[in-house]
Amino acid sequence: MSRSELLEQIYTIVSRIPEGRVTTYGRVAKMTDGATARMVGRAMGQLPDGHGLPWHRVVNASLKVTEHGGAVRQREQLRAEGVAFDARGRINAELLWP
DNA sequence: ATGCCGGCTCAGC
DNA sequence: GGCTGAGCCGGCA
């Protein structure tokens with residue numbers, strides 16, 4: 001598997017995450033043929049604006065939004081589509097997408 | 001080629 | 001559930 005093919009799989013999978021649901025870097029990675037969680041995180045960080053991918057629906061294994069530059073915007077977008085966060089910033093596990 | 005660091009994860013405490 | 005350390009991975013300087 002070449003990196004570009006892996007990248008393509010990652011994008012395809014992410015684009016399939018339903019609105020109001022979330023998944024994790026590791027889960028996305030496992031759905032590909034060999035990508036790692038870090039590669040997924042990196043792929044998300046590289047996305048240009050207006051690509052149309054729901055990158056904000058991808059969170060870390062603790063079901064929290066990883067702190068980085070766009071973390072605030074990510075939380076806002078999720079909240080905007082109905083994803084609730086508890087007092088500690090964690091997302092309800094029932095919203096996890098397979 | 002080399003070395004450092006990461007939008008992470010998982011096993012151990 | 002939180003903290004720590006390793007992973008043997010890729011991108012990038």
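Lettering of chains follows the sequences in order, A, B, ..., and the numbering in each one begins at 1.
Between A:Glu67 atom CD and B:dG6 atom P the separation is 15 Å, expressed in whole Å. As rounded to whole Å, 16 Å separates atom P of B:dG7 from atom NE2 of A:His51. Between the CG atom of A:Leu63 and the C1' atom of C:dG1 there is a distance of 13 Å, given to the nearest Å. To the nearest angstrom, P of C:dG10 lies 17 Å from CE of A:Met44. When rounded to the nearest whole Å, the span between OH of A:Tyr25 and P of C:dG7 equals 24 Å. Atom CZ in A:Arg38 sits about 8 Å away from atom C1' in C:dC9, given to the nearest Å. A straight line from CZ of A:Arg3 to C1' of C:dC12 spans 15 Å, rounded to a whole angstrom. Atom P of nucleotide C:dC3 and atom CG of A:Asn60 are separated by 13 Å, given to the nearest angstrom.
Remark: C:dC8 base-pairs with no nucleotide in the shown strands. Criterion, Watson-Crick or G-U wobble with two distances under 3.5 Å. Partner assigned to C:dA13 is B:dT2, using Watson-Crick or G-U wobble distances below 3.5 angstrom.
At a threshold of 4.0 angstrom between heavy atoms, the contacts of A:Gly45 include nucleobase atoms, whether or not backbone atoms are also involved. Residue-level contact check: A:Val65 touches neither bases nor backbone, having no heavy atom under 4.0 Å from any strand. Residue contacts shown for A:Lys30 are limited to sugar-phosphate atoms, with no base heavy atom under 4.0 Å away. In this structure, A:Arg90 reaches the sugar-phosphate backbone alone: every heavy-atom distance under 4.0 Å involves primed, P, OP1 or OP2 atoms, never a base.
Closest to the side chain of A:Met39, out of C:dG11, B:dT9, C:dC9, is C:dC9. For A:Gln74, whose side chain is taken as the heavy atoms from C-beta onward, the closest listed nucleotide among B:dC8, B:dG7, C:dC12 is B:dG7. When distances are taken from the side chain of A:Arg42 to each of C:dG11, C:dG1, B:dC8, the shortest belongs to C:dG11. Residue A:Gln46 has its side chain nearest to C:dC12 when only B:dT9, C:dC12, C:dG1 are considered.
Distance check, rounded to the nearest 0.5 Å: CG of A:Leu96 to CD1 of A:Ile17 gives 10.0 Å. Atom NE2 of A:His56 sits about 12.5 Å away from atom CZ of A:Arg79, to the nearest 0.5 Å. Between the CG atom of A:Asp86 and the NZ atom of A:Lys64 there is a distance of 9.5 Å, given to the nearest 0.5 Å.
Other residues, nucleotides and ligands contribute more than 12 heavy atoms inside 6.0 Å of the CD atom of A:Glu81.
The two residues A:Val22 and A:Leu78 come nearest to each other via the heavy atoms CG1-CD2, 4.0 Å.
For the pair A:Thr66 and B:dC8, the criterion of a side-chain N or O lying under 4.0 Å from OP1 or OP2 is met.
Each of A:Arg88 and A:Gly34 was matched to the nucleotide of DNA chain C holding its nearest heavy atom; the match closer to the 5' end belongs to A:Arg88.
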